[in-house]
> 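Input: one structure, supplied below.
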Amino acid sequence: MKITSYSNRTEVTEIDLQDDDQCRDLGRLVASKCVVVVKQGVTEQRLFDIQNLWGQPCTAFIFRALMSRKMSGRHWRNIQLHLGYTTKATDHFANRLGIARVSFEKNSKGKPTGFFTNGSLDWHCDQQSFDDKQRVVGLMSLWDTAGSRTSFLCTANAYASLPMEDKTMVDELITVSEWDGGKMSKDLISSQRDVLHYGTAPLSDMDCPLLAETVTGVKGIKFPSHSFKKFRGMSREDSLKYRQHLWNLINKPEHIYHHDWVDGEIVFMDQNITMHARPTDVKEGNTRTMCRMNSYMDVLFPGQGPVDYVLHDGKRVDKDAFLKLVDSARKEEFYAANALMSEAAIKSA
């Protein structure tokens with residue numbers, strides 16, 4: 001395996017992706033380098049197998065609860081249906097956690113199988129409002145990906161170069177989240193917006209430390225790029241000012257890698273201190289197709305699997321208790337909206 005390091009990514013060549021030992025070494029590299037480019041591809045099955053060598057598959061636990069029917073009811077039907085559309089885009093991965101196709105094709109019912117539209121996506125990371133151990137996404141180009149770009153921003157170097165006053169602030173601040181309606185992506189249909197809502201900020205006042213790190217101890221910033229309410233203990237006005245100040249220090253060309261896709265490549269990216277964005281509109285969106293695999297790193301680094309809590313409203317809440325809070329809030333919102341629709345229908349009759 002040949003490794004070439006740059007300031008904003010690491011590139012790997014001459015690797016046998018069918019060799020488990022080489023793939024374990026690749027996983028250890030991804031755990032510390034955050035953005036690792038491999039300019040060769042594998043089958044979707046092999047990508048799934050490779051990341052299972054690193055750790056258990058990862059799916060947002062809200063979605064896992066819905067798919068397992070741990071939460072159910074009319075108030076969840078819209079989201080459950082859309083999750084079904086996305087997970088069944090390829091039959092051979094219909095029941096496997098962590099892996100999905102990323103495309104904009106529509107199924108036989110005319111519903112989109114992707115989480116987003118084919119427009120640009122603002123900076124984000126997976127499950128941004130949740131405090132968790134390191135998760136890694138493998139994004140692999142399958143077909144018709146030429147002409148599209150994904151940008152990656154690892155905050156490790158930016159954090160290391162912060163002035164001491166800012167580094168102290170980052171070390172101490174807690175981000176408080178609030179659903180912003182889906183501002184990171186334009187033209188979402190209602191079910192896509194709902195899925196984004198419950199995958200990012202299912203309840204207001206979720207807490208997440210601004211300082212984060214990889215399983216190898218590389219420190220960086222879990223920057224609140226969207227669904228941001230404030231920093232705990234700081235006014236919203238001051239929070240917005242400081243977030244902008246911090247973004248000005250992070251958003252520099254030397255920290256950002258722009259990857260222009262061709263078919264048959266993989267970019268592995270950390271989700272704790274790394275963000276990504278899609279700056280390009282994909283005009284022929286029905287044909288651009290990627291594969292996305294999400295996993296923890298707890299096989300290579302024991303004890304680094306998913307946490308059993310959520311930080312909410314200044315407290316640590318176990319996941320089952322948090323699911324009950326989410327279910328109750330969703331039910332209240334759903335039936336209130338239905339009551340308003342019924343009232344409007346009566347008035348117009």
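Computed over heavy atoms, backbone and side chain alike; hydrogens, waters and symmetry mates excluded.
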> Can you see whether His75 engages Asp327 through a side-chain donor-acceptor pair at a distance of less than 3.5 angstrom?
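Yes, a side-chain donor-acceptor pair sits under 3.5 Å.
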> Give a yes or no on whether a salt bridge exists between Asp194 and Arg330, defined as a side-chain N under 4.0 angstrom from a carboxylate O.
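Between Arg330 and Asp194 there is a salt bridge, with a charged N closer than 4.0 Å to a carboxylate O.
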> Report the C-alpha distance between Lys133 and Asp298 in whole Å, list the side-chain angles of each, state the deciding distance to 0.1 Å, and finish with yes or no for salt bridge (Lys or Arg N to Asp or Glu O under 4.0 Å).
CA-CA 9 Å; Lys133 302 298 185 181; Asp298 54 321; over 6 Å; no
> Main chain of Asp16, side chain of Gln22: is a donor-acceptor contact present, judged purely on distance under 3.5 Å?
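Pair found, side chain donor or acceptor close to backbone of Asp16.
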> Is there a donor-acceptor pair under 3.5 Å between the side chain of Asp207 and the backbone N or O of Gly314?
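Here the side-chain-to-backbone pair exists.
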> Does Lys229 use its side chain to pair, donor to acceptor, with the backbone of Met206 at less than 3.5 Å?
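Not confirmed, Lys229 side chain does not pair with Met206 backbone.
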> So, the side chain of Ser161 versus the backbone of Ala158: is there a donor-acceptor pair under 3.5 Å, distance only?
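It does hold such a pair.
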> Report the hydrophobic cluster partners of Phe152, with the cluster defined as I, L, V, M, F, W, Y residues connected by side-chain heavy atoms closer than 4.5 angstrom, directly or transitively.
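For the cluster that includes Phe152, the remaining residues are Val35, Val37, Val102, Val137, Leu139, Tyr257, Trp261, Val267, Met269, Met290.
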> Can you establish whether the number of heavy atoms outside Lys319 located under 6.0 Å from its atom NZ is more than 12?
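It does: Lys319 NZ has more than 12 such atoms within range.
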> For residues 50-75, which residue pairs qualify under salt bridge (Lys or Arg N to Asp or Glu O under 4.0 Å), counting only residues two or more places apart or in two chains?
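Sorted pair list: Lys70-Asp320.
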> According to salt bridge (Lys or Arg N to Asp or Glu O under 4.0 Å), does anything in residues 151-165 pair up with another residue at least two apart or in another chain? List the pairs.
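Salt bridge (Lys or Arg N to Asp or Glu O under 4.0 Å) check on residues 151-165 returns no pairs.
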> So, Ser120 side chain and Asp281 main chain: donor-acceptor pair closer than 3.5 Å or not?
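Not at all, since once roles are kept as given, no pair shorter than 3.5 Å links the two residues.
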> State whether the side chain of Gln51 and the backbone N or O of Gly138 hold a donor-acceptor pair below 3.5 Å, judged by distance alone.
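The answer is yes, because a donor-acceptor pair under 3.5 Å joins these two groups.
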> Has the side chain of His124 got a donor or acceptor atom that lies under 3.5 Å from a matching backbone atom of His276?
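Present.
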> Between Val218 and Asp270, does the side-chain contact (heavy atoms from CB on, under 4.5 Å) criterion hold? Intermediate values first, please.
CA-CA 11 Å; Val218 178; Asp270 152 79; over 6 Å; no
> Any chance NZ of Lys331 has more than 12 other-residue heavy atoms, nucleotides or ligands included, within less than 6.0 Å?
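Atom NZ in Lys331 is not crowded, with 12 or fewer foreign heavy atoms closer than 6.0 Å.
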